[in-house]
Amino acid sequence: FLLELFYNTKISNHKLRQSWMDIKRKIAIPDEITNDLAEETGIHIGDGNLNVYQDKNGDHSYKYTITGNLHDEYLYHVAHVQKLFNKLYNQSGYIRCRYDRNSIDTILKSRAVVEFKSKILSLPIGKKYGISIPKEIIKDEELAKRCIIGIIDTDFTLNDSINIVGNLTCIRVIKQMHETLNKLNIKHSLVFYGNVGKIRIHREGSINIIEQWRLNNQKHVSKYELWKEFGIFIPFSRTEERLAVLDGKLNSEELQKVCNNRRLGLDLDQRPHRICKL
């Protein structure tokens, strides 16, 4: 608190404790729930995690991480997730690519951000057991839609029937999504398999969500645009490959051959085409 008296801070909520690095880097915390925060909360629910670590000296470090598929979601993290972070928290975080795991992380280290998410939004630290869409978001139709967009972008897929499909172990979240989709007249099915809930959104509703609600993950959008423009769906293709076909830089027949080899396990190059800095 004494540090805040001598240094300018972008955080107005004094219930949230800041670290010296938060103040030095001018970390910001939203004063209200906006569409951007609702969507970023959905991204957190889908692919995010909060962690607090204690070293041998008793010092704590606070980390917020979004983890995705490196082959398919590099562009999503760099072009969208980092920009959302910057708009909301005044810091874009940093990217970590792990080729051996085919994973990409967007990481933001901040005590204030972790406390905001855990204390204000009631999102859990560590395992996400019992996580749910915050009540302030789910009760507002537009905020709920943006949150669902974040969840779909990170935790769902678009199949060859142009259905948005996803499985969640977070039963409360899947039920909240189901109730919201019903209210918005988006036709879908919900099935439970033990502790897993599966939502399948019918083609008409999926197209509505992609075009009207506007998904932001090119992993999904490029599949849809390829189907819409050429009437094809190419299994085992990667996001940047599909975008190359849409841009006229790659022939769709050549991509189909590559993906067929990939399906048969004949593709030896497991690295993404774009090289990101570690």
Side-chain angles (χ1 to χ4, degrees), residues 33-47 66 68-69 71-84 87-88 133 137-138 140-168 173-174 176-190 198-250 252 255-256 259:
I33 297 180
T34 61
N35 284 343
D36 285 336
L37 180 57
E39 182 180 342
E40 191 266 344
T41 300
I43 294 170
H44 180 158
I45 290 171
D47 274 352
I66 303 293
N69 182 292
H71 286 160
D72 276 323
E73 297 184 290
Y74 176 82
L75 290 176
Y76 178 62
H77 277 245
V78 172
H80 190 65
V81 174
Q82 282 198 304
K83 287 184 178 180
L84 269 182
K87 288 171 70 174
L88 294 169
I133 299 173
I137 293 176
I138 200 65
D140 181 285
E141 183 176 297
E142 189 59 34
L143 294 177
K145 285 168 64 176
R146 296 318 305 167
C147 185
I148 289 173
I149 284 295
I151 296 171
I152 289 175
D153 267 337
T154 52
D155 239 9
F156 281 61
T157 189
L158 186 71
N159 67 16
D160 57 1
S161 298
I162 313 303
N163 294 164
I164 293 172
V165 182
N167 301 326
L168 291 178
V173 171
I174 205 92
Q176 288 174 311
M177 289 182 66
H178 169 63
E179 292 168 0
T180 301
L181 292 172
N182 276 340
K183 289 178 183 177
L184 298 171
N185 297 314
I186 300 293
K187 292 183 179 180
H188 66 286
S189 62
L190 171 61
K198 179 177 183 177
I199 280 183
R200 179 188 297 272
I201 301 174
H202 301 173
R203 178 181 290 187
E204 181 181 353
S206 295
I207 292 174
N208 182 38
I209 288 173
I210 294 169
E211 293 193 344
Q212 303 301 321
W213 295 23
R214 302 193 66 82
L215 292 180
N216 288 300
N217 194 336
Q218 287 294 331
K219 176 178 70 173
H220 309 312
V221 177
S222 61
K223 290 179 183 178
Y224 172 70
E225 294 294 342
L226 205 61
W227 171 81
K228 184 179 179 181
E229 185 168 341
F230 299 104
I232 58 175
F233 189 94
I234 307 180
F236 297 93
S237 61
R238 297 170 183 169
T239 300
E240 291 194 359
E241 295 168 341
R242 294 189 292 273
L243 291 174
V245 173
L246 291 167
D247 289 339
K249 299 176 181 177
L250 179 65
S252 62
L255 178 56
Q256 287 175 318
C259 293

Check: [Y] and [X] side chains under 4.5 Å, non-hydrogen atoms:
{"X": "Ile210", "Y": "His220", "answer": "no"}
{"X": "Thr239", "Y": "Tyr74", "answer": "no"}
{"X": "Phe230", "Y": "Val245", "answer": "yes"}
{"X": "Leu243", "Y": "Leu75", "answer": "yes"}
{"X": "Tyr76", "Y": "Ile43", "answer": "yes"}
{"X": "Glu179", "Y": "Asn182", "answer": "no"}
{"X": "Leu37", "Y": "Thr34", "answer": "yes"}
{"X": "Lys223", "Y": "Thr157", "answer": "yes"}

Separation between [atom1] of [X] and [atom2] of [Y], rounded to the nearest 0.5 Å:
{"X": "Ile164", "Y": "Ile209", "atom1": "CD1", "atom2": "CD1", "value": "4.5 Å"}
{"X": "Asp72", "Y": "Gln218", "atom1": "CG", "atom2": "CD", "value": "11.5 Å"}
{"X": "Ser161", "Y": "Arg200", "atom1": "OG", "atom2": "CZ", "value": "7.0 Å"}
{"X": "Lys187", "Y": "Glu204", "atom1": "NZ", "atom2": "CD", "value": "6.0 Å"}
{"X": "Thr41", "Y": "Leu143", "atom1": "OG1", "atom2": "CG", "value": "9.5 Å"}
{"X": "Asn35", "Y": "Ile33", "atom1": "CG", "atom2": "CD1", "value": "11.0 Å"}

Can you give me the closest heavy-atom contact between [X] and [Y], atom names plus distance?
{"X": "Leu181", "Y": "Trp213", "value": "CD2-CH2, 4.0 Å"}
{"X": "Ile152", "Y": "Leu215", "value": "CG2-CD2, 3.7 Å"}
{"X": "Ile201", "Y": "His188", "value": "CA-CB, 3.8 Å"}
{"X": "Asn208", "Y": "Ile186", "value": "ND2-CD1, 3.3 Å"}
{"X": "Cys259", "Y": "Pro235", "value": "CB-O, 3.3 Å"}
{"X": "Ile138", "Y": "Ala144", "value": "O-CB, 4.0 Å"}

Q.
Show me the pairs that pass salt bridge (Lys or Arg N to Asp or Glu O under 4.0 Å) and involve residues 144-162, at least two apart or across chains.
A. Glu39-Arg146, Glu142-Lys145
Q. Given Leu226 and Leu246, is the side chain to side chain contact (heavy atoms under 4.5 Å, CB included) satisfied, shown in steps?
A. CA-CA 7 Å; Leu226 205 61; Leu246 291 167; 4.0 Å; yes
Q) What class does the angle between the rings of Trp227 and Tyr224 fall in, given that below 30° is parallel, 30 to 60° is tilted and above 60° is perpendicular? A) tilted
Q) Around atom CZ of Arg214, are there more than 12 heavy atoms of other residues, nucleotides or ligands at under 6.0 Å? A) no
Between [X] (side chain only) and [Y] (backbone N and O only), is there a donor and an acceptor less than 3.5 Å apart?
{"X": "Arg242", "Y": "Ser237", "result": "yes"}
{"X": "Asn69", "Y": "Glu73", "result": "no"}
{"X": "Asn167", "Y": "Lys198", "result": "no"}

